[in-house]
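Step one of this worksheet: look at the structure below.
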Amino acid sequence: MEISSKYNPTEVEQKWYDYWLEKGFFKGDASRGIAEGKEPYCIVIPPPNVTGVLHMGHMLNNTIQDVMVRRARMQGKEAVWVPGTDHASIATEAKVVAMLKEQGIDKKDLSREQFLKYAWEWKEKYGGIILQQLKKLGASCDWDRTRFTMEPSLSDAVINVFIDLYRKGNIYRGIRMVNWDPLGKTALSDDEVIQKENTAKFYYVKYKLVDADGYITVATVRPETIMGDVAICVNPNDERYKNLIGKKCIVPLVNREVPIIADDYIEIDFGTGALKVTPAHDKNDYAIGQKHGLETIDVLNEDGTISEAAKVFVGMDRFKARKAAADQLESEGLIEKIEEIKNNIGTSERTGAVVEPRLSMQWFLKMEELGKPALENVLNGNIKFHPEKFVNTYKHWMENVKDWCISRQLWWGQRIPAWYNEKGDFVVAKTEAEAIALFKEKNSPFNNIHQDNDVLDTWFSSWLWPISVFDGFENPDGKDINYFYPTQDLVTAPEIIFFWVARMIIAGYEYRKELPFSNVYFTGIVRDKQGRKMSKSLGNSPDPLDLIEKSGADAVRFGMLVCSPAGNDILFDDKYIEQGRNFTNKIWNAFRLVKGFSINENGNDSNQNDTAIKWFQEKLIATKLEVEGLYKQYKMSEALMSIYKLIWDDFCAMYLEMIKPAFGEPIENKTYQRTIEFFEELMQLLHPIMPFITEEIWHGLNNRDANNCIIVSNQKTESRKADESYLQLSDLALDLVAQVRNVRNSKGLSPKEPLKLFAASESLQTLSSFEFIIKKLANIDAFESASTQPANTMPLQVKTATWYLLLPETATSIDKEALQKEIDYLNGFLKSVELKLSNEKFVANAKPELIEKERQKKADAEAKIATLLGQIQEG
RNA sequence: GGGAGUUUAGCUCAGCUGGUUCAGAGCAUCUGCCUUACAAGCAGAGGGUCACUGGUUCGAACCCAGUAACUCCCA
């Protein structure tokens with residue numbers, strides 16, 4: 001058979017992905033699982049934004065999920081990975097608005113229905129591209145189960161949950177100071193606000209006192225809100241102002257009288273120690289206003305312009321008004337001074353606009369009670385976080401959880417099922433008819449009722465995701481929800497631990513009385529090699545599809561995983577993908593070698609390769625168990641590294657060299673069969689990480705039935721531990737080989753020139769079973785017994801045994817310096833051991849085994865020094 | 001301002017409850033090789049005062065305190 005010398009990923013990957021799809025290997029089936037008594041395994045995808053395109057973060061996240069689900073499948077579980085997308089109300093609406101703008105259409109000119117029609121069209125056309133891209137990565141999602149958070153049944157669940165929580169008294173409507181985005185004209189949750197450092201002008205403004213001469217000076221960065229001032233507040237202990245408390249002063253620009261009040265909240269040292277209280281435009285001021293029963297004057301409109309209530313600068317943009325107000329104050333001589341200060345300003349994550357604290361009527365979900373089981377079950381370990389450090393973050397947030405503002409002033413999303421009548425009364429109901437019935441019950445008017453204009457926060461649908469993808473709300477006792485829920489692993493970014501993870505846990509306990517998943521694996525943020533976050537604006541994010549195109553999905557998956565320690569950010573560099581590509585090439589060539597063997601099927605098999613086979617068998621078992629343990633701890637990159645070394649170093653560099661027949665010779669049948677088996681096991685071990693090349697080789701190693709694919713093969717679990725003492729023994733043999741090679745290198749001897757080895761007969765005896773291997777790998781042509789050092793040999797120290805390598809005369813000079821160095825080192829070591837042993841406290845406190853070990857070390861070192869000293873004298 | 005985390009080789013990271021010569025891995029680097037699967041390779045080698053200062057201990061990369069730098073979350 002002719003096999004191309006270079007591996008061609010593009011062709012192979014497309015072929016196998018199509019084949020897997022055609023065979024339905026990605027499907028999870030509850031009925032089958034139950035019938036066959038299989039353990040369920042389920043991951044729900046963190047639904048990407050429906051309008052999104054694949055970026056490096058998705059690559060990492062989804063590679064990890066695919067590794068997990070493929071492993072589960074090979075462990076014989078009924079595995080399913082449920083895909084889907086999120087309607088992402090703010091992001092999607094912003095994109096649709098922008099798209100309409102390009103076409104010359106203004107959202108304001110459209111009715112809600114017209115706008116939604118455009119939005120749906122847009123979603124149908126561009127939505128879900130990201131899922132197609134995931135296929136290129138090899139994602140083994142059960143595509144038939146693809147869900148969308150705004151599809152009818154999921155929206156229905158959202159509305160029902162809203163109504164349910166409202167009836168239980170968990171949802172309320174209230175005036176709140178919210179983060180207002182004047183550009184998007186919507187409220188934002190705290191988490192959608194990004195704080196940015198800023199330099200601002202700090203205006204010291206004089207407020208004239210009433211019934212007294214003079215002024216009280218107030219420092220502010222927001223003179224445009226002066227029209228909304230309702231009081232001046234000072235600290236009751238501030239000596240400067242004590243006599244002014246209870247008096248009045250005049251708000252400039254609008255000449256309104258306001259009281260001077262006192263509150264502990266005021267910091268005496270900040271600014272002038274006097275604060276202008278503007279309840280409508282500052283959270284803290286609002287709190288003071290509430291406490292002191294002050295009115296609120298809202299001087300801003302929803303688009304950030306000055307409102308009628310301000311009486312001056314009406315209609316002017318807030319930033320222009322700031323300048324105008326400052327100018328006017330200046331001209332009236334009311335500005336004492338202007339300083340520059342550094343402060344933080346909140347900006348909208350989506351639109352970038354400076355966020356305005358604003359009073360508005362919003363819907364809230366009470367979180368404290370609902371959050372209790374969610375906190376408890378993370379703290380007690382029922383739900384595990386990997387890495388564990390995120391438990392702290394979670395705890396802190398949950399213990400201080402605030403009510404969740406769930407309304408958004410948008411159209412794209414689930415419309416809040418609340419209905420208002422002319423009187424301003426409202427009821428919560430699924431349909432207009434039900435609403436009318438409810439109004440009737442209340443004896444409230446029900447003509448011309450209208451539905452709330454707002455939609456629900458996107459997270460109010462995604463928090464139901466693990467339940468809703470199995471139709472757990474429509475059909476709470478359905479087969480799928482009963483079988484697959486709770487799910488096992490959730491893989492997501494730490495950034496959304498509160499937005500999403502915490503809330504899913506809450507919903508899980510509220511609606512299923514059960515955890516939604518047992519483990520949460522938090523990936524890091526993908527950064528470039530300089531540590532910068534990957535972003536479009538920096539242009540430092542490679543297009544994942546280009547990378548796949550260039551090096552193959554297997555190489556990209558390798559590259560993502562090899563540098564991704566759990567929970568730490570990953571510094572991505574193309575060189576990791578290159579390493580992955582090199583690895584595929586290495587495997588491919590090992591495959592070519594093995595397939596190139598001619599097999600001696602008739603000859604009598606010897607025992608010469610038994611040692612090599614036994615050695616690799618033990619190595620394989622040891623590594624499989626190690627990898628298993630690493631996966632259990634969610635240490636993906638370490639698991640990968642173990643497999644990498646097993647294949648490259650142990651299998652290719654050692655094992656294949658051990659059993660490789662001489663040029664032109666056939667390989668013994670027994671050896672060949674075992675080698676194929678080993679290769680198959682290695683491919684199974686690697687398959688979750690590099691699915692394509694492993695499938696390709698799986699089919700190349702043996703003729704298989706159409707359904708016999710590695711993806712659905714069962715990986716044998718090891719029933720015993722590796723023979724450690726055998727592995728230790730083999731390490732001695734391999735150490736000897738390495739030392740011979742090292743001497744060749746340093747003496748400039750060709751690997752082709754055979755050399756002879758001598759050793760004491762018991763040393764020869766110890767490694768007798770490895771004789772064939774040592775001779776082959778180190779190119780030794782004789783193994784001879786010698787009780788003392790033969791002439792022209794170089795001693796090699798293998799643990800406590802000394803071996804002698806016979807060298808050509810030109811290379812026999814002994815490196816006394818190196819020997820002396822070794823002796824000095826051992827002496828130093830010996831001293832430290834002796835010191836320990838002569839230390840009474842050590843002998844008294846340390847464990848007996850430890851002391852025994854130290855004694856053994858001492859004896860070994862003494863023996864080594866003796867032989868080395870002997871050599872130096874003889875030489 | 002509050003909270004959490006990080007700091008180990010040129011780079012990215014392991015190092016479990018202090019005790020094996022414990023200072024490790026991969027990549028990169030250097031040396032020698034076109035050895036009949038693979039130069040995307042083979043055989044070797046050299047790299048570190050474990051951020052700093054002090055403490056606890058018979059013994060510290062690991063525990064404690066302080067300092068510095070960086071990162072993230074919340075105000």
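Remember, it's a predicted structure, so these values are computed and weren't measured experimentally. Naming convention: chains lettered A, B, ... in sequence-line order (proteins, then strands); numbering from 1 in each chain.
Looking at heavy-atom distances under 4.0 Å, Lys645(A) makes contact with sugar-phosphate atoms alone, never a base. If you check every strand for non-hydrogen atoms under 4.0 Å, Ala662(A) touches nothing. Base contact: Asn585(A) has a heavy atom under 4.0 Å from a base atom.
Across the protein-nucleic acid pair, Lys389(A) atom NZ and G5(B) atom C1' stand 6 Å apart, rounded to whole Å. Between Glu388(A) atom CD and G5(B) atom P there is a gap of 12 Å when expressed in whole angstrom units. If you take CG of Asp735(A) and P of G44(B), they are 11 Å apart, rounded to a whole angstrom. For Lys586(A) and G26(B), the NZ to C1' distance is 16 Å, given to the nearest whole Å. For Lys635(A) and C16(B), the NZ to P distance is 8 Å, given to the nearest whole Å. Rounded to an integer number of Å, the gap from Phe663(A) CZ to U35(B) P is 13 Å. The interatomic distance linking Glu638(A) (CD) with G26(B) (P) rounds to 13 Å, in whole Å. G44(B) atom P lies 10 Å from atom CG of Leu777(A), rounded to whole Å.
Contact of the Leu749(A) side chain with the Glu753(A) side chain is registered, since non-hydrogen atoms from C-beta on lie closer than 4.5 Å.
Under 3.5 Å, the side chain of Glu657(A) and the base of A37(B) form at least one donor-acceptor pair of N or O atoms. One N or O donor and one acceptor, one from the side chain of Asn745(A) and one from the base of A43(B), sit under 3.5 Å apart.
With Phe583(A) as the fixed residue, the ring-ring contact (aromatic ring centres under 6.0 Å, His included) test singles out one of Phe558(A), Trp588(A), Tyr7(A): Phe558(A).
Taking atom C1' on both nucleotides, G3(B) is separated from U20(B) by 40 Å, rounded to a whole Å. Nucleotides U8(B) and G47(B) have their C1' atoms positioned 13 Å apart, rounded to a whole Å. Nucleotides G55(B) and U49(B) have their P atoms positioned 22 Å apart, rounded to a whole Å. Using atom C1' as the reference point in both C13(B) and C50(B), the two lie 14 Å apart (nearest Å). C64(B) and C27(B) have their C1' atoms separated by 36 Å, given to the nearest Å. Between the P atoms of C62(B) and C52(B), the separation comes to 11 Å (whole Å). Distance check on atom P: A68(B) versus G41(B) gives 47 Å, rounded to whole Å. Comparing the C1' positions of C30(B) and U56(B) gives an interatomic distance of 44 Å, to the nearest angstrom.
Under the 4.0 Å criterion applied to side-chain N and carboxylate O atoms, Arg222(A) and Glu356(A) are assigned as salt-bridge partners. For the pair Lys624(A) and Glu628(A), the salt-bridge criterion is not met [side-chain N within less than 4.0 Å of a carboxylate O].
Of the two residues near RNA chain B, Gln579(A) and Gln739(A), the one whose nearest nucleotide lies more 5' is Gln579(A). Closest-nucleotide positions on RNA chain B for Thr584(A) and Asn589(A) were compared, and the one nearer the 5' end corresponds to Asn589(A).
When distances run from any side-chain atom of Arg741(A) to the nucleotides A43(B), A40(B), A14(B), the shortest one goes to A43(B). The side chain of Tyr644(A) has C27(B) as its nearest neighbour among C42(B), U36(B), C27(B). Listed candidates were A37(B), G5(B), U35(B). Nearest to the side chain of Leu656(A) is A37(B). Which of U12(B), U35(B), A37(B) sits closest to the side chain of Ala590(A) comes down to A37(B). Of the candidates C42(B), U12(B), C74(B), the closest approach to any side-chain atom of Trp648(A) belongs to C42(B). Proximity note for Ala738(A) (side chain, C-beta onward) versus C42(B), G44(B), A37(B): the nearest is G44(B). Here the nucleotide nearest the side chain of Asn582(A), chosen from G26(B), U35(B), G41(B), is G41(B).
Within the structure, the salt bridge (charged side-chain N to carboxylate O under 4.0 Å, His left out) test picks out no pair touching residues 638-650 of chain A (sequence neighbours left out).
Other residues, nucleotides and ligands contribute more than 12 heavy atoms inside 6.0 Å of the CD atom of Gln673(A). Around the NZ atom of Lys550(A), the shell of radius 6.0 Å holds no more than 12 heavy atoms that belong to other residues, nucleotides or ligands.
Counted by atom type alone, Tyr521(A) and Thr492(A) present zero donor-acceptor pairs between their side chains at under 3.5 Å.
Within 90° of 0 lies the glycosidic angle of G47(B), which makes this nucleotide syn.
Considering only side-chain N and O atoms, Lys402(A) lies under 4.0 angstrom from the phosphate OP1 or OP2 of A75(B).
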Once Watson-Crick and G-U wobble pairs under 3.5 Å are found, how is RNA chain B written in dot-bracket notation, 5' to 3', with | for any base paired to another strand? (((((((..((((.....[....)))).(((((.......))))).....(((((..]....)))))))))))).
Which is it for Ile587(A) and Leu686(A) under the side chain to side chain contact (heavy atoms under 4.5 Å, CB included) test, yes or no, and what are the steps along the way? CA-CA 11 Å; Ile587(A) 297 167; Leu686(A) 182 62; 3.5 Å; yes
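Annotation: cation-pi geometry satisfied between Arg674(A) and Phe678(A) (NZ/CZ under 6.0 angstrom from ring centroid, within 45° of ring axis).
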